[in-house]
Amino acid sequence: MSKIPVLEIFGPTIQGEGMVVGRKTMFVRTAGCDYSCAWCDSAFTWDGSAKDEIVKMESDEIFTKLKEIGGNQFDHVTVSGGNPPALLKHLDGLIHLLHEHNMEVALETQGSRWQEWFLDVDDLTLSPKPPSSKMKTNWTILDEIIDLLIINNRLAHTSLKIVVFDEKDLQYAEKVHQRYPAVPFFLQVGNDDLQENQPSHLAGHLLEKYEWLIDKVMSNSQLNHVRVLPQVHALVWGGNKRGGFDYVNPPLIS
Ligand SMILES: C[S@@+](CC[C@H](N)C(=O)[O-])C[C@H]1O[C@@H](n2cnc3c(N)ncnc32)[C@H](O)[C@@H]1O
Ligand SMILES: Nc1nc2[nH]cc(C(=O)O)c2c(=O)[nH]1
Ligand code: SF4
Ligand SMILES: [Mg+2]
C-alpha cells in the first residue's frame, strides 16, 4: 500500500470548471506540483505554506473521510492538486475503490506526466499552461499522453482546458486546439484577483473578463469547435483565498 498526501477533502459542491461544469462532486486535493504557475489559485499545495497540513492517507481512509463528510449525497469525486499524476503512481487504488462503490472519478492535471490509470478516469481534464503562467509546455509528453488516450478510445472521457489571461494565451490556446483537434476543447477565464474575498466584487470583475474572452473567441476563426466558461465557483463564492469559497463543508481531513 502506498499513501497519498492529501491537503483537502471537501464537498459536495459543484464542479466549477470545464467538461462537467455544474456536476455535483466531492473534491480530494493532493499536495505537490511539478509546476509553479504565476497565477496558481492553489499555490498552497506546492509553496510550502500548508506543508504541516498534509495528511498521508490510504485509499480506504480517503474513502471513509469522503463518506464522513459527504454522506450519501454524492456519486462523483474529483481529484485535483497540485498535480496528482506527477507524484502519485498509485492513485489507481483510490480510483478502483471509488468505482467499486459506483462513484465516477474526475481528474485535473496539466498533462506533464502520463500515468496508466488515466485510462480509468471518467472525466479527465488536461490543462496545459499558457505563457502567462511562466511555465513551458513539454509538447513531446503532451503528444504522448493524447496519443495514448486516443489509441485507447478515451476521447469521450477527456478534455483540454486552457486558462486565458491575455492575447498571447489566446494564441497558445489556438495552437493547442490545432494540434489536438479531436479533443473536446474548453477556454477558461483566468482569475487575476486571488486576494478578493467578496463574491460580489470578484464576480463583477470576472464577468467583465468573461465577456472579453467571449468576444475574442467569437471573432476567431481558429476557435470554432470550443466552449468558453468562467470558473463558476469563483463567481458564486468569491475569492480564491484558501477556504474563501467552495467549502459547503469545512475542508476537514484530520
Ligand atoms: C489548481 S489546478 C490543479 C490541477 C493541475 N495542476 C492543473 O493545473 O491542471 C486546477 C485548475 O485550476 C486552474 N487554475 C489555477 N489557477 C487559476 C486562476 N488563477 N484562474 C483560472 N484558472 C486557474 C488550472 O489551470 C487548472 O485547470
Ligand atoms: N468548485 C470547484 N471546482 C473546481 N474545478 C477544479 C478545481 C480545482 O481546483 O482543481 C475546482 C475547485 O477548487 N472548486
Ligand atoms: S500546474 Fe496546476 S497546481 Fe501546479 S502550479 Fe499550475 S495551476 Fe497550480
Ligand atoms: Mg480550484
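Both ligands and their constituent atoms are indexed starting at 1 by order of listing.
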Asker: Once you restrict to heavy atoms under 4.0 Å, what part of Ile14 touches ligand 2? Side chain, backbone, both or neither.
Answerer: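 Under 4.0 Å from ligand 2, Ile14 contributes backbone atoms alone.
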Asker: Give the atoms of ligand 1, by number and element, whose distance to some non-hydrogen atom of Gly82 is under 4.0 Å.
Answerer: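 Every atom of ligand 1 under 4.0 Å from some heavy atom of Gly82: 3 (C), 4 (C), 5 (C), 6 (N).
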Asker: If the cut-off is 4.0 Å to any non-hydrogen atom of Val189, which atoms of ligand 1 fall inside it?
Answerer: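 By the 4.0 Å cutoff, the relevant atoms are 21 (C).
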Asker: Report yes or no: does a heavy atom of Arg29 sit under 4.0 Å from some atom of ligand 2?
Answerer: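 Contact present.
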Asker: For Gln73, give me all partners under side chain to side chain contact (heavy atoms under 4.5 Å, CB included), at least two apart in sequence or on another chain.
Answerer: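 With neighbours one apart ignored, the set is Pro12, Lys24.
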Asker: In ligand 2, which numbered atoms sit nearer than 4.0 Å to a non-hydrogen atom of Ser80?
Answerer: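 Listed by number with element, the hits are 8 (C), 9 (O), 10 (O).
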Asker: Please could you name the atoms of ligand 2 that Glu108 approaches to less than 4.0 Å, counting only its heavy atoms?
Answerer: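 Listed by number with element, the hits are 6 (C), 10 (O).
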Asker: Hey, would you say the Tyr172 and Trp139 ring centroids sit under 6.0 Å apart?
Answerer: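 For Tyr172 and Trp139, the ring centres are under 6.0 Å apart.
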Asker: Hey, is Asn191 touching ligand 1 through its side chain, its backbone, both or neither, going by heavy atoms under 4.0 Å?
Answerer: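 The part of Asn191 near ligand 1 is both the backbone and the side chain.
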Asker: Using a cut-off of 2.8 Å, how many protein N, O or S atoms sit around atom 6 (Fe) of ligand 3?
Answerer: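 Of the protein's nitrogen, oxygen and sulfur atoms, 1 lie under 2.8 Å from atom 6 (Fe) of ligand 3.
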Asker: Any side-chain heavy atom of Ser112 sitting closer than 4.5 Å to one from Met135?
Answerer: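 No, every pair of side-chain atoms sits at 4.5 Å or beyond.
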Asker: Going by distance only, is there an N or O of Gly16 that falls short of 3.5 Å from an N or O of ligand 2?
Answerer: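 Yes, there is a polar N/O contact under 3.5 Å.
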Asker: Which ligand 1 atoms are under 4.0 Å away from a heavy-atom of Ser42?
Answerer: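 Heavy-atom distances to Ser42 below 4.0 Å select 1 (C).
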Asker: Are Phe185 and His225 close enough that their ring centers fall under 6.0 Å?
Answerer: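 Not close enough - the centres of the two rings lie 6.0 Å or further apart.
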Asker: Is the closest heavy-atom distance from Gly111 to ligand 1 below 4.0 Å?
Answerer: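 No heavy atom of Gly111 comes that close to ligand 1.
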Asker: Test Asp123 against Arg23 for salt bridge (Lys or Arg N to Asp or Glu O under 4.0 Å), laying out the working first.
Answerer: CA-CA 11 Å; Asp123 306 310; Arg23 176 72 156 97; 5.8 Å; no
